[in-house]
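Data first, discussion second: the structure below is written as C-alpha cells.
Position 1 is the first residue of the sequence; numbering continues from there. Note that the coordinates shown come from a computational prediction; the quantities given were computed from them, not determined experimentally.
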Amino acid sequence: MTDVLCVYYKVDALQHATLAARVNRFQAEMAARWPGLICESLQRPETAADIETWMETYRHADGLDAALIDAIAQAAVMAELPEPRHTERFVALR
C-alpha cells in the first residue's frame, strides 16, 4: 500500500527563493537520512496577495510509520521551515 504524507503551508512570495532553498536542503537531508524516502515540493499555481501555498510530500516504498512522520515534523521545526504546517496522510484507494 502506498501512503503519502502531505504537509502544506503558506509563505510570503517575497521569500520564495530563500525558503525554496531551505526546503530543498531539508528534503535532501531527509532523503539521505532515510534511504528510499521520496520527497517532492509543490506550490499552487496562483498567488493571492503575495502569499503562496506550498506542499511537501513524502513517500516510501515500505510505508510511512508514525516514527518517521514524527521525525520529519521534528526535523522541520529544527530546520525552521515555515509555520504553521498542516499535515495530512493519504493512502492508495482500496
Side-chain angles (χ1 to χ4, degrees):
M1 178 184 300
T2 301
D3 57 326
V4 180
L5 175 65
C6 299
V7 183
Y8 57 96
Y9 46 88
K10 300 203 181 278
V11 300
D12 184 329
L14 297 175
Q15 296 181 349
H16 181 103
T18 301
L19 293 174
R22 190 179 300 164
V23 169
N24 288 338
R25 273 193 311 275
F26 173 77
Q27 289 189 322
E29 291 170 6
M30 295 299 97
R33 186 171 171 188
W34 287 283
L37 184 65
I38 299 167
C39 310
E40 186 175 25
S41 299
L42 306 164
Q43 75 176 79
R44 285 197 173 136
E46 67 279 344
T47 299
D50 292 326
I51 300 296
E52 299 175 348
T53 301
W54 290 10
M55 180 180 291
E56 301 166 24
T57 64
Y58 300 89
R59 67 184 75 201
H60 196 286
D62 296 333
L64 300 169
D65 62 17
L68 177 53
I69 292 170
D70 188 53
I72 291 169
Q74 288 181 22
V77 171
M78 298 301 294
E80 298 179 351
L81 295 186
E83 294 282 343
R85 295 168 63 81
H86 305 281
T87 304
E88 295 185 31
R89 185 171 162 238
F90 289 81
V91 298
L93 287 175
R94 295 180 192 92

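- Between the H60 side chain and the P35 main chain, a donor and an acceptor come within less than 3.5 Å of each other.
- For the residue pair E88 / Y8, a side-chain donor-acceptor distance below 3.5 Å is found, with atom types taken as modelled.
- Panel note: side chain D3, backbone F90; no donor-acceptor pair is recorded below 3.5 Å.
- No donor-acceptor pair under 3.5 Å is formed between the side chain of D70 and the backbone N or O of A66.
- Judged by distance alone, the side chain of R44 and the main-chain N or O of W54 form no donor-acceptor pair under 3.5 Å.
- The side-chain heavy atoms of M55 and S41, taken from C-beta on, include no pair separated by under 4.5 Å.
- We find the OG1-CZ distance between T57 and R59 to be 5.5 Å, quoted to the nearest 0.5 Å.
- Evaluation of the ring-ring contact (aromatic ring centres under 6.0 Å, His included) rule for Y9 yields no partner, not counting sequence neighbours.
- Using a 4.5 Å heavy-atom cutoff, the side chains of Y58 and V4 are not in contact.
- Residues L64 and W34 are not in side-chain contact: their nearest non-hydrogen atoms beyond the backbone lie 4.5 Å or more apart.
- The closest side-chain heavy-atom distance from H86 to P84 is below 4.5 Å.
- The number of heavy atoms from other shown groups lying within 6.0 Å of CD (E80) does not exceed 12.
- Between I51 and T47, the shortest heavy-atom distance links the atoms O-CG2, 3.4 Å.
- The closest side-chain heavy-atom distance from E56 to L81 is below 4.5 Å.
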